[in-house]
Amino acid sequence: GENVEQHPSTLSVQEGDSAVIKCTYSDSASNYFPWYKQELGKRPQLIIDIRSNVGEKKDQRIAVTLNKTAKHFSLHITETQPEDSAVYFCAARDNFNKFYFGSGTKLNVKP
Amino acid sequence: SAVISQKPSRDICQRGTSLTIQCQVDSQVTMMFWYRQQPGQSLTLIATANQGSEATYESGFVIDKFPISRPNLTFSTLTVSNMSPEDSSIYLCSVAGTSSHNEQFFGPGTRLTVL
């Protein structure tokens with residue numbers, strides 16, 4: 001089955017700086033890669049996603065890149081704000097439409 | 001996005017008992033999943049709830065321990081059977097479509113504590 005690895009496990013940045021979280025996947029048939037933000041005590045919320053026929057997608061301060069050849073994808077957050085502090089999960093959907101999650105990155109944005 | 005509700009939101013149970021968690025969606029969805037999220041951990045897929053047939057379980061999860069029902073396209077239940085403290089976790093249902101344009105969304109979760 002699919003195996004998704006995520007790094008780093010924790011990330012601390014100064015407000016206004018950029019944050020980058022990286023994920024790799026193992027199944028070349030995976031075709032959809034969402035990113036979720038989970039605040040303490042809440043459900044994961046979809047923040048951005050990318051499909052396998054696209055290399056990059058941007059939505060305001062967040063962007064995701066995908067390298068299918070290398071089987072890795074990354075989340076980029078620019079101009080970080082304290083409210084960006086949360087746990088971020090990457091995921092990959094396999095060709096059976098099942099989603100597999102990375103281990104999570106705890107982002108701390110220091111004011 | 002679909003509106004997903006779960007009941008109960010939390011429960012404290014005694015070991016050896018069973019708890020059934022309900023997941024209701026406000027629209028018909030193709031795929032429904034059940035996840036477990038242990039404290040400070042990622043989400044682990046338990047099974048895919050299939051409408052009209054048995055659920056499909058991931059490695060490490062079995063039907064006797066986690067029986068699942070899905071009687072229609074808007075509802076599913078997960079039972080945690082013969083509970084032990086190791087089953088203390090948050091259980092989340094999620095829904096998704098199967099086309100390339102269908103994202104996955106999560107219910108609010110059920111926080112289970114087993115004493």
Side-chain angles (χ1 to χ4, degrees), chain A residues 1-10 21 23-27 29-54 57 59 64 66 68 86-108, chain B residues 1-7 9-10 21 23-25 29-51 53 55-61 68 89-113:
Chain A
E2 175 66 280
N3 181 46
V4 179
E5 296 192 353
Q6 182 173 346
H7 301 279
S9 56
T10 60
I21 303 170
C23 289
T24 61
Y25 61 99
S26 61
D27 185 353
S30 290
N31 55 27
Y32 171 66
F33 307 91
W35 286 88
Y36 291 85
K37 176 183 180 182
Q38 188 175 33
E39 296 174 321
L40 192 63
K42 297 188 176 180
R43 76 186 84 183
Q45 296 279 4
L46 178 68
I47 57 171
I48 196 168
D49 57 18
I50 191 166
R51 290 172 175 84
S52 58
N53 59 347
V54 175
K57 182 177 178 181
D59 182 4
V64 58
L66 171 65
K68 283 186 63 180
V87 179
Y88 291 80
F89 293 100
C90 63
R93 183 179 69 184
D94 70 8
N95 57 354
F96 296 102
N97 295 305
K98 293 190 292 186
F99 291 79
Y100 296 92
F101 284 77
S103 53
T105 297
K106 185 174 183 180
L107 175 63
N108 179 34
Chain B
S1 62
V3 176
I4 309 166
S5 60
Q6 280 185 238
K7 289 195 295 187
S9 58
R10 59 178 62 223
I21 303 167
C23 179
Q24 180 75 54
V25 191
V29 292
T30 309
M31 310 289 287
M32 291 183 79
F33 306 95
W34 286 97
Y35 287 85
R36 182 174 71 187
Q37 186 175 30
Q38 295 178 312
Q41 302 296 312
S42 184
L43 297 99
T44 300
L45 181 62
I46 297 171
T48 304
N50 301 309
Q51 195 266 328
S53 64
T56 307
Y57 290 83
E58 296 299 302
S59 176
F61 297 95
I68 287 170
S89 189
I90 296 173
Y91 293 85
L92 300 109
C93 69
S94 75
V95 303
T98 54
S99 81
S100 62
H101 300 286
N102 282 297
E103 301 90 353
Q104 178 182 225
F105 299 99
F106 285 89
T110 297
R111 182 180 295 271
L112 170 63
T113 302

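Throughout, protein chains are lettered first and strands after them, A, B, ... in sequence-line order, and every chain is numbered starting at 1.
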Select one option (side chain, backbone, both, neither) describing which atoms of [X] are under 4.5 Å from chain A's heavy atoms.
X	result
Leu43(B)	both
Gln37(B)	side chain
Phe33(B)	side chain

Heavy-atom contact with chain B under 4.5 Å, split by part of [X]:
X	value
Gln6(A)	neither
Tyr36(A)	side chain
Asn31(A)	neither
Pro34(A)	neither

**OP:** Indicate the atoms forming the closest heavy-atom contact of Asp49(A) with Val64(A), along with that distance.
**Re:**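 So the two residues come closest at O-CG1, 3.9 Å.
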
**OP:** Return the minimal non-hydrogen interatomic distance between Ala55(B) and Ala47(B), and the atom names on each side.
**Re:**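 Minimum heavy-atom separation between Ala55(B) and Ala47(B): CB-CB, 4.4 Å.
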
Original post:
salt bridge (charged side-chain N to carboxylate O under 4.0 Å, His left out) with Lys68(A): which residues, sequence neighbours excluded?
Top reply: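 Residues passing salt bridge (charged side-chain N to carboxylate O under 4.0 Å, His left out) with Lys68(A): none at all.
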
Subject >> Contacts of Glu58(B) that satisfy salt bridge (charged side-chain N to carboxylate O under 4.0 Å, His left out) - sequence neighbours left out >> reply: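 Salt bridge (charged side-chain N to carboxylate O under 4.0 Å, His left out) check on Glu58(B) returns Lys98(A).
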
Original post:
With distance as the sole test, does Ser94(B) use its side chain to make a donor-acceptor pair with the main-chain N or O of Gln104(B) at under 3.5 Å?
Top reply: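 No, the answer is negative, given that no donor and acceptor are paired below the 3.5 Å cut-off.
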
Original post:
Backbone N or O of Cys23(A) within a donor-acceptor pair of the Glu5(A) side chain at under 3.5 Å?
Top reply: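 No, Glu5(A) side chain to Cys23(A) backbone: no donor-acceptor pair under 3.5 Å.
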
**OP:** Take the angle between the ring planes of Phe101(A) and Tyr35(B) and call it parallel below 30°, perpendicular above 60°, tilted in between.
**Re:**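 Taking Tyr35(B) first and then Phe101(A), their aromatic rings stand perpendicular (interplane angle over 60°).
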
Subject >> Closest-packed option against chain B by number of heavy-atom pairs under 4.5 Å, given Gly102(A), Pro44(A), Ser52(A), Ala91(A) >> reply: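 Winner by heavy-atom pair count: Pro44(A).
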
Subject >> Most chain B-contacting option - heavy-atom pairs closer than 4.5 Å, from Arg43(A), Lys42(A), Gln38(A) >> reply: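 Of Arg43(A), Lys42(A), Gln38(A), Arg43(A) has the most heavy-atom pairs under 4.5 Å with chain B.
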
